[in-house]
Structures are given as C-alpha cells and as structure tokens.
Amino acid sequence: MDVTENLEHVRAAVAAAERDAGRTAGSVGLIAVSKTKPAEEIRQAIAAGQRVFGENRVQEAQSKWPELKAQTPDIELHLIGPLQSNKTADAVALFDVIQTVDREKIAREIAREIAKQGRTPGLFIQVNTGSEPQKAGIEPEAAAQFIDLCRNELGLSIRGLMCIPPFEDNPGPHFALLRKIAKAAGLEELSMGMSDDFETAIAFGATHVRVGSAIFGAR
Ligand SMILES: *Cc1c(COP(=O)(O)O)cnc(C)c1O
C-alpha cells in the first residue's frame, strides 16, 4: 500500500471535483481517516504533506497521536466517531475538532470541559440524515433546535454539520439535506463524503471530506 501515491490520487480527485462543481480550488479540506492504521503509515502521510487527520475512537487516538502531534505541531486532529460522556474530557484535551456532537448531554459536557480546560476544539454537529435507529446523530427535524441550544444556552461556537449517509442509499439526497439544514442555521461548513462518495459530496457543497481506505487501504 503506497500511502504517498494514494494521497496524490485522492488530492487530484478532490481538485477535479472542485473544478467540476465550480468550487474554488482548495476550498475542500481533505481529512485523512487513519483509524486502525499504525503510526508508521500515518507518518508516510505526514511526510507527504498531509496535516489533517480523523480518528473515530478516543482511546485509539490517545495511543497514537500525542507522540505524532509532538513531532509535527501543525497537525489538526478530528474526532469523527461517537463520543461517550466518560471520554469527553480526554476528547477535548486531544482533538482539535470534534465532529460528532449529537446530543444534549454531550454538548453540556463539552461546554463544561472547554470552560475547565481552556481549550476550544472546533465543533460540528452530527445529523442522522437517514434517521437510522442504530446510528448516532441528531434527527433532521430536531437539528435546528439543537443548534440553537448549543449556541445560545451553552455558548458553544458551532462550525458546521457532519453526516454519514446510510450505506445502501444514494448519498446525494442526504448531502442535500445536510446542506439545507446548515444553510437555514447560518452554518458554512459541511463534513460529508468518504472514499466512495467524496466527489458527489463536493458537488453538493462539502467543505470537508473524510477519506480513509482510498488513502490507507482497506481496514
Ligand atoms: C471510517 C470513516 C470514514 C472513512 O471511510 P472510508 O470509506 O474508509 O473512506 C469517514 N467517516 C467516518 C465517520 C468514518 O468512521
């Protein structure tokens, strides 16, 4: 698995999708999803200039990233997996962006940890666009009220929204729904699109794509 070569291909595909969609070059941020991958493979991506990474488990990230971050201070680490409340303090301490704010309890704990630690990770709210019972995320109908709670009651600065469409669905309508909810709330950033559908997501306005296997190989 040649991480450097894969990364080059993905970057070129992101640039082509930006062009095709009439988007500004460089307007889509590539998050390299390194979950389950060892530090030596992550170092290859760092050597190839990648600085933004995503992990889906707090504990796994704690075992890999403090050292990698110490070696490369301009790393930006995103949490893209569900956050358990007993891990909130650790997540606020380690991650630069938390993309999976998805319920009131977690939002309150994040607010408390931000006040306590004086560290302010960027925050995205995860929306369960397919209303899948087993999937994390706020229901689409409840999103506006939840965004309002986060901002006005908890004083959290929310950067944008994130979604993971149902595996079996055509992702386009889910991306369109996420964009619509964001626009109504005055949010500009959209984290959507993975290895199989990031080009579609870019056409629908993604500002962040989360790409794992196309860079690091199958898990
Ligand atoms: C694993 C994961 C990705 C990356 O998936 P690939 O299909 O490997 O690109 C993106 N987003 C989330 C939330 C993930 O858990």
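Just so you know, ligand 1 is whichever comes first in the structure, and atom 1 is the first atom listed for that ligand.
- With sequence neighbours excluded, the residues that form a ring-ring contact (aromatic ring centres under 6.0 Å, His included) with His208 are Phe124.
- Remark: Phe53 pairs with Trp65 by the ring-ring contact (aromatic ring centres under 6.0 Å, His included) rule, at least two apart or across chains.
- Residues satisfying the side chain to side chain donor-acceptor pair (under 3.5 Å) test with Glu113, not counting sequence neighbours, are Gln117.
- Considering Lys69, Lys64, Arg210 in turn, Lys64 is the only one that fulfils the salt bridge (Lys or Arg N to Asp or Glu O under 4.0 Å) rule with Glu55.
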Could you tell me, for ligand 1, which of its N or O atoms are under 3.5 Å from any protein N or O, listing the pairs and their distances rounded to 0.1 Å?
residue: ligand 1; atom: 8 (O); partner: Ser213; partner atom: N; Å: 2.8
residue: ligand 1; atom: 8 (O); partner: Ser213; partner atom: OG; Å: 3.0
residue: ligand 1; atom: 8 (O); partner: Arg219; partner atom: NH1; Å: 2.8
residue: ligand 1; atom: 8 (O); partner: Arg219; partner atom: NH2; Å: 3.1
residue: ligand 1; atom: 9 (O); partner: Ser195; partner atom: N; Å: 2.9
residue: ligand 1; atom: 9 (O); partner: Ser195; partner atom: OG; Å: 2.5
residue: ligand 1; atom: 9 (O); partner: Gly212; partner atom: N; Å: 2.8
residue: ligand 1; atom: 11 (N); partner: Arg210; partner atom: NE; Å: 2.8
residue: ligand 1; atom: 15 (O); partner: Lys35; partner atom: NZ; Å: 2.7

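- A donor-acceptor pair shorter than 3.5 Å cannot be found between the side chains of Gln126 and Thr100.
- Within a 6.0 Å radius of CG in Asp196, no more than 12 heavy atoms belonging to other residues, nucleotides or ligands are found.
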